Amino acid sequence: MTPDVQASPNDPLRDAVNLADLEALGRAALDRNALEYYASGANDENTLRENRAAFTRARLRPRVLVDVSGVDTGTSVLGLRLSSPIGIAPSAFHGLAHPDAERATARAALAGGSVMTLSTFSNTPIETVGADAQGRFWFQLYLLRDRDLSRSILDRAHAAGARALVFTVDAPFLGRREANERHRFALPAHLSAPNVASRAELAQVETDSGSQLANYFQNLVDKTFTWHDLDWLRGQTPLPIILKGVLTAEDAVLAAEHGCHVWVSNHGGRQLDTAISSFEALPEIVDAVAGRCEIYLDGGVTRGTDVLKAVALGARAVFLGRAALWGLAAAGQPGVERTLELLQDEFRLAMALCGAARVGDLTPALVRL
Ligand SMILES: Cc1cc2nc3c(=O)[nH]c(=O)nc-3n(C[C@H](O)[C@H](O)[C@H](O)COP(=O)(O)O)c2cc1C
Ligand SMILES: O=C(O)C(=O)c1ccccc1
């Protein structure tokens, strides 16, 4: 007789039953430099923790005796069909996680019927990722002090098939991730940021104190940009513009008035420590925007019930930052696919147990804050 252990060959990805299992696999695959870059939040990491805690505190009010024999998790973002309201947030330097870097993430998003947001600071050129993603990608912009370079990046993203421009507005300066300062985070020599700078430029960055990354970023990114300049940006690209890093009703109203969509985020707790959790910021933003634009959310999403709560309260979709990186570090493309699959399965079950057969059936009445 064959023992059970042999009947089920050891496959760590298949054996992972939730995103925490994938996180453990991903963490184990990284060296200290990469792990601290991915995991860290700003300062005391209050906001990092609070993003998770806010989801956990909110309680569900499930409805019963609804036909949930065929739950449909499908939705759309800016007209793009998604298999569920789960996308991948932009994060820099996927090459720290896996040799296939952003190409693995893009292929996983395509395979999973999701959408990937490609960071300005990817290790892979926009064109390569665009070809892999086959239209299932948005491009995230850090506006650079070099406006000509910014413009050329925008042109390239559009030409490569990006469906939207995600303009990050919460990082004129990088928050202080103290572990990265203490251990002088540096991009390994084999990696570069081909959309913005050559490896040679990167190597010239002052490294005798603190994080190489923070210095590098500070030199490149524009800090003068205001609401008045949005019309300029509007003129540079035909793509829909999403402002990422909005946390207040006031700014959400300004975004809508400027014809932009809103991405509720505190950058995964990596920028302003003690900033409000994105989940707690959501209701006032939904209220203020009053249907004028789409609203997305990221920060601490690791459970199907997190997705359900955010969507019930008015988010069109949620996006995964670190969760996708852990999957990527664990196993490349199949790891990110598993992350998306596990979370989508959890979301489907949560919908069924809440008495919602369609994403459109998710309403604020399901959530008690
Ligand atoms: C390692 C790392 C790198 C990131 N790089 C970027 C970036 O290049 N551009 C950006 O807009 N946001 C960046 N973010 C923020 C994410 O887009 C997202 O807001 C955040 O990770 C969501 O929180 P979560 O990690 O809890 O899911 C980064 C986040 C992490 C963890
Ligand atoms: O680390 C980050 O959160 C981030 O947004 C970033 C992106 C590029 C370079 C440095 C930091």
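Atoms within each ligand, like the ligands themselves, are counted from 1 in listed order. The figures here come from the full heavy-atom set of this structure, side chains too, leaving out hydrogens, waters and symmetry mates. Note that the structure is a prediction, hence the values are computed from the model and not measured.
- Within the listing of ligand 2, atoms 1 (O), 2 (C), 4 (C), 6 (C), 11 (C) sit less than 4.0 angstrom from a heavy atom of Y37.
- Listed by number with element, the atoms of ligand 2 under 4.0 angstrom from any heavy atom of Y142 are 4 (C), 5 (O), 7 (C).
- Those atoms of ligand 2 with a heavy atom of R270 less than 4.0 angstrom away are 1 (O), 2 (C), 3 (O).
- Between F319 and W138, a ring centre-to-centre spacing shorter than 6.0 Å is recorded.
- Salt-bridge check for E102 with R107: failed, with every basic side-chain N at 4.0 Å or more from each acidic carboxylate O.
- Within the cation-pi definition used here (under 6.0 Å to the ring centroid, within 45° of the axis), K223 qualifies as a partner of F173.
- Under the 4.5 Å side-chain heavy-atom criterion for Ile, Leu, Val, Met, Phe, Trp and Tyr, L239 and W263 are members of distinct hydrophobic clusters.
- Atoms of ligand 2 found under 4.0 Å from any heavy atom of R177 (numbered from 1 in listed order, with element): 1 (O), 2 (C), 3 (O).
- Listed by number with element, the atoms of ligand 2 under 4.0 angstrom from any heavy atom of A92 are 7 (C), 8 (C).
- Put simply, the side chain of R136 never gets that close to the backbone of D132: no donor and acceptor are under 3.5 Å apart.
- Using a 4.0 angstrom heavy-atom cutoff, Q271 does not count as in contact with ligand 2.
- Scanning V221, D170, L213, L220 for the heavy atom closest to atom 10 (C) of ligand 2 points to L213.
- Every atom of ligand 2 with a heavy atom of L174 under 4.0 Å away is listed here by number and element: 10 (C), 11 (C).
- No side-chain donor from either of S277 and N51 sits under 3.5 Å from a side-chain acceptor of the other.
- In this structure, ligand 1 sits under 4.0 Å from heavy atoms belonging to Y37, Y38, A89, P90, S91, A92, S119, Q140, Y142, T168, K244, S265, H267, G268, R270, D298, G299, G300, G321, R322, L325.
- The residues D306 and R52 are annotated as salt-bridged, a charged nitrogen and a carboxylate oxygen being separated by less than 4.0 angstrom.
- Panel note: side chain D287, backbone P283; no donor-acceptor pair is recorded below 3.5 Å.
- Between the side chain of R145 and the backbone N or O of N219 there is at least one donor-acceptor pair closer than 3.5 Å.
- Looking at E23 and R27, a side-chain N of the basic residue comes within less than 4.0 Å of a carboxylate O on the acidic one, giving a salt bridge.
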